[in-house]
Amino acid sequence: MIIFVLILVAIICSGLTVAKKGEFYGDYMSPKNTSTINAIFSVLIFISHATNYIGNDNLTGALDEPYVSLKVFLHQLVVVTYLFFSGFGIMESIKKKGTAYVKSMPVHRLFKLWYHFAIVLVMYTIVRIGIIGVKYSLKDYLLAYTGYTTIGNSNWYLFVTFALYIIVIVSFFIFRKNNILATALVCVLSLGFVLFEKKIGLPTQYYNTVVCFPLGMIFSLVKPYVDKLLMKNDLIWYSAFTVSVAVFAYFSRNRWDRLLTYEMFVCSALIMLAIGMMKINIKSSILDWFGAHIFSFFILQRIPMLLLRHFGLAYNNYLFIIFSFFGTIVLCMFYDEAMDRLDKIVFKKRIKK
């Protein structure tokens, strides 16, 4: 399995550039750059999901064990940039557009994401219930539309995202003219959401990365000051980056001790990444494609995996991943084209009203 990671590394290295001495990438947090980073992790998520269907008992080869070790180490790190960059992007939009953007979020963020997700669930219903023959209770099926339960699809990330969008909308309606107080309330409500999820016994993946979203919002607020400080010269940048690596290394060794240390682990990883992006840039047309199809590639990838396993085509680990990979790409192309056309109809009608 490590061979697929090495292919990804080769793609990254082919487009990697380092800023010259005394220079920095001022646009390191631009949508294009952040989507490239998310694309890298989307491929890692794909490999991780595929190996879950293959099963650890079938990952015992010389090229499998290094990947298994990497997968265990990364754990939830493969999803933290999604939350961090999402929080950052929302805060940037609020800073530019103010209350008007917050007012648009219920429709153009929350509803749009939900109905795209709902259509995907119909596809999973056809596969899981109609083809594979798995039965679900009406309760589980209905709750699947909130992301709380699953009918074979990836769900917890959507459940968390829906909740965080609602938290942002509420917070910025309460403190309409004060971004700092509104962000502080987002932090408090996010923490309350984490404690609630933990209290009702949800699996750890539901809540152990939630803090990355408000961290992204905070970073948006402090970024001008951080940039001014760290981009003064290379010495300051190298010193800050070295410290961030050391902090990350420390918490990576202790991340399983308790929830707080795991939160420090994921947050330190994001801070290290953000500082690194000031000096290191990645350009790749391949990664650009995955960045443009980030949602569909994430949410649809289990469909080919389910079908291949059901029809007995998972007899070879490598063929299973290759067929699943290209099957997902084909699905993404059709799905995103359909969603683009449907969005024009749905939102055009709402605007006319």
Side-chain angles (χ1 to χ4, degrees), residues 5-6 8-41 44 70 73-92 95-96 179-180 183-184 187 209 211-255 257 260-284 287-288 291:
V5 178
L6 293 177
L8 176 62
V9 171
I11 293 171
I12 295 169
C13 291
S14 68
L16 189 146
T17 57
V18 179
K20 296 178 181 179
K21 184 178 179 180
E23 296 180 359
F24 301 88
Y25 293 109
D27 64 342
Y28 66 98
M29 287 295 287
S30 68
K32 189 177 188 307
N33 288 333
T34 57
S35 67
T36 298
I37 300 300
N38 278 340
I40 294 171
F41 287 107
L44 289 173
L70 176 65
F73 174 78
L74 290 175
H75 197 239
Q76 289 287 82
L77 285 185
V78 293
V79 299
V80 296
T81 60
Y82 289 75
L83 292 165
F84 180 70
F85 293 148
S86 179
F88 178 87
I90 286 176
M91 189 68 248
E92 288 290 295
K95 283 160 59 177
K96 293 174 183 177
N179 289 343
I180 295 176
T183 303
C187 294
T209 56
V211 296
C212 301
F213 183 88
L215 179 65
M217 300 185 73
I218 293 171
F219 188 74
S220 172
L221 292 174
V222 303
K223 182 179 178 293
Y225 308 102
V226 172
D227 290 355
K228 186 176 180 180
L229 174 63
L230 300 189
M231 292 185 180
K232 281 185 177 180
N233 56 62
D234 285 350
L235 179 60
I236 294 176
W237 181 87
Y238 278 113
S239 298
F241 185 66
T242 301
V243 170
S244 69
V245 171
V247 173
F248 171 72
Y250 172 79
F251 284 110
S252 68
R253 291 169 59 91
N254 302 280
R255 65 188 186 277
D257 290 352
L260 179 60
T261 52
Y262 195 87
E263 303 299 297
M264 297 302 296
F265 167 64
V266 296
C267 289
S268 62
L270 289 168
I271 292 170
M272 177 181 67
L273 176 65
I275 295 175
M277 289 169 66
M278 296 177 184
K279 200 77 171 174
I280 302 168
N281 187 256
I282 302 169
K283 292 182 179 179
S284 168
L287 293 176
D288 285 346

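These figures come from a predicted structure and were not determined experimentally. Hydrogens, waters and symmetry mates play no part in the numbers below; they use all other heavy atoms, side chains included.
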*asked:* Assess, by modelled atom type and distance only, whether the side chains of Tyr25 and Thr17 contain a donor and an acceptor separated by less than 3.5 Å.
replied: yes

*Donor-acceptor contact below 3.5 Å, side chain Thr261 vs main chain Asn254*: yes

_Leu44 side, atom CG; Leu77 side, atom CG - distance, nearest 0.5 Å_ = 10.5 Å

*Spacing of Phe24 atom CZ and Ile280 atom CD1 [to the nearest 0.5 Å]*: 11.5 Å

*Contacts of type salt bridge (Lys or Arg N to Asp or Glu O under 4.0 Å), residue Lys32, not counting sequence neighbours*: Asp288

*Any chance you could measure Leu215, atom CG, to Leu83, atom CG, to the nearest 0.5 Å?*
10.5 Å

*Looking at OG1 of Thr209 and CD of Glu263, how far apart are the two atoms once the value is rounded to the nearest 0.5 Å?*
7.5 Å

_Ring centroids only, cut at 6.0 angstrom: are Phe248 and Phe265 within range, meaning strictly under it?_
yes

*Minimum-distance pair of heavy atoms, taken over all atoms of Phe85 and Asn38*: CD1-OD1, 3.5 Å

*Start with the C-alpha gap between Ile37 and Asn33, add the side-chain angles, then the distance that decides, and say whether side chain to side chain contact (heavy atoms under 4.5 Å, CB included) holds.*
CA-CA 7 Å; Ile37 300 300; Asn33 288 333; 5.8 Å; no

_If you define the side chain from C-beta out and look only at heavy atoms, does anything of Phe84 sit under 4.5 Å from Val266?_
no

*Derivation and outcome, side chain to side chain contact (heavy atoms under 4.5 Å, CB included), residues Ile282 and Ile40*: CA-CA 10 Å; Ile282 302 169; Ile40 294 171; 3.8 Å; yes

*Test of ring centre spacing under 6.0 Å for His75 and Tyr262*: yes

*Nearest 0.5 Å, what's the CG-CZ distance between Leu260 and Phe251?*
7.5 Å

_salt bridge (Lys or Arg N to Asp or Glu O under 4.0 Å) partners of residues 225-248, not counting sequence neighbours, each pair once_ = Lys223-Asp227, Asp234-Lys279

*For Thr183 and Asn179, which heavy atoms make the closest approach, and how far apart are they?*
OG1-O, 2.7 Å

*Could you tell me whether a side-chain N or O of Ser244 sits under 3.5 Å from a main-chain N or O of Phe241, the two making a donor and an acceptor?*
yes

_Which heavy atom of Ile275 sits nearest to which heavy atom of Ala240, and what is that distance?_
CD1-O, 4.1 Å

*asked:* Do Val211 and Val80 have side chains that approach each other closer than 4.5 Å (heavy atoms only, starting at C-beta)?
replied: no

*asked:* Let's go through Thr81 and Thr34 carefully: what are the C-alpha distance in whole Å and the side-chain angles of both, what is the deciding distance for side chain to side chain contact (heavy atoms under 4.5 Å, CB included) to 0.1 Å, and is it a yes or a no?
replied: CA-CA 8 Å; Thr81 60; Thr34 57; over 6 Å; no

*So, for Val78 and Tyr82, which heavy atoms are closest and what is the spacing to 0.1 Å?*
O-CE1, 3.6 Å

*For Glu92, what residues pass the salt bridge (Lys or Arg N to Asp or Glu O under 4.0 Å) criterion, not counting sequence neighbours?*
Lys95

*Nearest-0.5 Å distance, SG of residue Cys212 to CE of residue Met217*: 14.0 Å

*Answer yes or no: is there a donor N or O on one side and an acceptor on the other, between the side chain of Arg253 and the main chain of Tyr250, under 3.5 Å?*
no

*Measure across Gly291 and Ala39 and return the closest heavy-atom pair with its distance rounded to 0.1 Å.*
N-CB, 3.6 Å

*asked:* Walk me through whether Met264 and Cys267 qualify under side chain to side chain contact (heavy atoms under 4.5 Å, CB included).
replied: CA-CA 5 Å; Met264 297 302 296; Cys267 289; 5.5 Å; no

*Is atom CZ of Phe73 surrounded by more than 12 heavy atoms (other residues, nucleotides or ligands) closer than 6.0 Å?*
yes

